[in-house]
Undergrad: 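After the structure tokens below, expect a handful of questions from me.
Predicted, not measured: the structure shown is a model, and the values here were computed from it.
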Amino acid sequence: MANKTKVFAALFMSLLLLLTGCGNNNSSGSGAKDSQKASAPVKDSGDKTTLTVGLDDDPPQLDPHFSTAAVDRQVFHSIYDKLIDVDEKLNFVPQLAKKWDISEDGKTYTFYLQENVKFHDGTPFNAEAVKFNFERMLNPNAGSPRASELSSIQTIEVVDENTLKVQLKEPYSPFLAALSDRAGMMVSPTAVKEKGADFANSPVGTGPFKFVSRVKQDKIEVEKNADYWGGAPKFEKIVYRPYSDENVRLTNLTSGELDIISKVPPKDVEKLKTDSNIKLSEVGALGFQGLYLNHKKAPFNNKALRQALDLVIDRDAIIKVALRNTGVPSAGAIPPDSWAFDKSIKPTKKNVEKAKKIMADAGFPNGFEFTLQLSPKPVEEQMSQMIQSMAAEAGIKVKLEIVEFGTMLDNMDNSKFDAVRLGWSGRTDPDGNIFALYHSTGSINYGYSNPKMDELLQKARVETDKAKRKEIYSEATKLGQEEVPYIFLYHELDFKAYKNNLQGFKHIPDQMMRFHDVSFK
């Protein structure tokens, strides 16, 4: 009887809380999973010291030297500084390196570092710290994805406390571009030594914000670095919240719970343009979107089957229907806004009959089957369903498998996939796109290897003349269209949406959000 009384009492209290509106409002506790289910997100509390950011996924990990996900970098730009940054026109600008010299032969880089900079744990930032970071990434036993970006380094010399000289094996044109991204992000040597593998869960950099805490699939919190060498940021705290459901992410922005979101659903772009409470910013992104293929096993270790799949896809239809015209068809890894883009190279056009003939000639007259992994997002599902339908026209059977983002990356790293619907966020130098994807040692290459391609991409790295580099990249792009290591679909336009009381935000084409100079009006 006593148990029944307790049950009735609990039910009564729950009903009372519901009627009086005193239940959990998700503003400080239950996190992304609960708030994604909520139909009425919390309104703006009026807090002008905390910025709340909506991300498109939960960052898999927070160590830049081992990161492979673009969403990680959104948080990195608060916690870490880089040796070099880029501005809105993608010019290289000083950050931890206040200036640098390059020798005439292009093989010696001398970096002059900012003085009196400290990591969040009090460790001095100096030339020794930079040397430690480079050696950490280059350690062959570590397995850092950054190793290929720094592989041209021959020697690292500490000239004095604030001067570092790097000798390259040969000229490497993309070197500064690499240092303007994760390879240039500096981590605390002390913290790495003390924390070991756990560093990714409690990162320490020199950035404008310090890591505070993380609850996976809920939030990441960082706080103001009051002693920041570049001047204290305006916000006391930033809270990053993951919303893989794009509709929920947008609802939380328009209702007031979020201040800015990293990605805008294509279907909502036009609507946001007329929302007086929201600012919508657009730039051409540096990356590409399409299908990663596993070359280490059937079916995509067969070039004919890669070519056939490439030929059955109608890129224009995908952009019009699934993307609502927020992208442009892609012919390769280099985006239209890059100096290396060759407009004479056109995207593959749909040709089902040619696809059927290629398969028949290769001994697959009835087509073939494969599984396409995709993330659980409406746009991804619609796009993948369209690809599934298009492939069926040629007898190609596509099974769709929805996979959580972190698991998807693990599957790719462990070769547990046939194809994955995923893109690349792009780099300021074309090498960061095309070498990473096509070279046999590339960080996002999943088994493709062609000596001719390797030769071209290596040649482009040591060539210092832009016009000549562009010619080499055009040749590599054409070879890629023949070999189909990756199926390109489109280059996206990057949209950021934020409250109109937010000021100081600069939209950089690398798609990464920087908040040091941002504040509320």
Undergrad: With a 4.0 Å cut-off on N to O distance, would you call Arg469 and Asp429 a salt bridge?
TA: yes
Undergrad: Who pairs with His439 by ring-ring contact (aromatic ring centres under 6.0 Å, His included), at least two apart in sequence or on another chain?
TA: Phe435
Undergrad: Can you name the salt bridge (Lys or Arg N to Asp or Glu O under 4.0 Å) partners of Asp181, sequence neighbours left out?
TA: Arg73, Arg427
Undergrad: What residues, two or more places apart in sequence or in another chain, satisfy side chain to side chain donor-acceptor pair (under 3.5 Å) together with Glu393?
TA: Lys350
Undergrad: Counting neighbours of NZ on Lys397 that are heavy atoms of other residues, nucleotides or ligands and sit closer than 6.0 Å, is the number greater than 12?
TA: no
Undergrad: Could you list the residues that satisfy side chain to side chain donor-acceptor pair (under 3.5 Å) with Asn201, not counting sequence neighbours?
TA: Asp198
Undergrad: Think Lys466 forms a cation-pi with Trp339, using NZ or CZ under 6.0 Å from the six-ring centre and within 45 degrees of its axis?
TA: yes
Undergrad: Go through the steps to decide whether Asp57 and Lys377 satisfy the test side chain to side chain contact (heavy atoms under 4.5 Å, CB included), and finish with yes or no.
TA: CA-CA 10 Å; Asp57 265 304; Lys377 301 176 183 179; 2.9 Å; yes
Undergrad: Applying ring-ring contact (aromatic ring centres under 6.0 Å, His included), which residue pairs with at least one partner in residues 380-422 are found, sequence neighbours left out?
TA: Phe417-Tyr446
Undergrad: Can you pull out every side-chain hydrogen bond (donor to acceptor under 3.5 Å, both in side chains) where at least one residue sits in residues 167-179? Sequence neighbours excluded, please.
TA: Thr108-Gln167, Glu170-Gln458, Tyr172-Arg461
Undergrad: Tell me whether Arg214 is salt-bridged to Asp58, with the criterion being a basic N under 4.0 Å from an acidic carboxylate O.
TA: yes
Undergrad: I'd like to know if the side chain of Asn133 and the backbone of Val187 have a donor-acceptor N/O pair within less than 3.5 Å.
TA: yes
Undergrad: Is any NZ, NE, NH1 or NH2 atom of the basic residue among Asp275 and Lys273 found under 4.0 Å from an Asp or Glu carboxylate oxygen of the other?
TA: no
Undergrad: Could you list the donor-acceptor pairs under 3.5 angstrom formed by side chains in residues 279-286, with sequence neighbours left out?
TA:
residue	atom	partner	partner atom	Å
Ser281	OG	His507	ND1	2.7

Undergrad: Under the side chain to side chain donor-acceptor pair (under 3.5 Å) rule, collect the residues that match up with Glu149, sequence neighbours excluded.
TA: Arg146
Undergrad: For Tyr498, enumerate each residue passing the ring-ring contact (aromatic ring centres under 6.0 Å, His included) test, keeping only those at least two apart in sequence or located in another chain.
TA: Phe505
Undergrad: How would you list, by chain and number, every residue that makes a salt bridge (Lys or Arg N to Asp or Glu O under 4.0 Å) with Glu463, sequence neighbours excluded?
TA: none
Undergrad: Please check if the side chain of Trp424 supplies one atom and the backbone of Ala333 the other of a donor-acceptor pair under 3.5 Å.
TA: no
Undergrad: Taking only residues two or more places apart in sequence, or in another chain, which ones meet Tyr109 in a ring-ring contact (aromatic ring centres under 6.0 Å, His included)?
TA: Phe175
Undergrad: Kindly say whether the aromatic ring centers of His491 and Phe288 come within a distance under 6.0 Å.
TA: no
Undergrad: I'd like a table of donor-acceptor pairs (distance under 3.5 Å, sequence neighbours excluded) in which one partner is a side-chain atom from residues 351-363, with atom names and distances.
TA:
residue	atom	partner	partner atom	Å
Asn351	OD1	Lys354	N	3.0
Lys357	NZ	Asp361	OD2	2.8

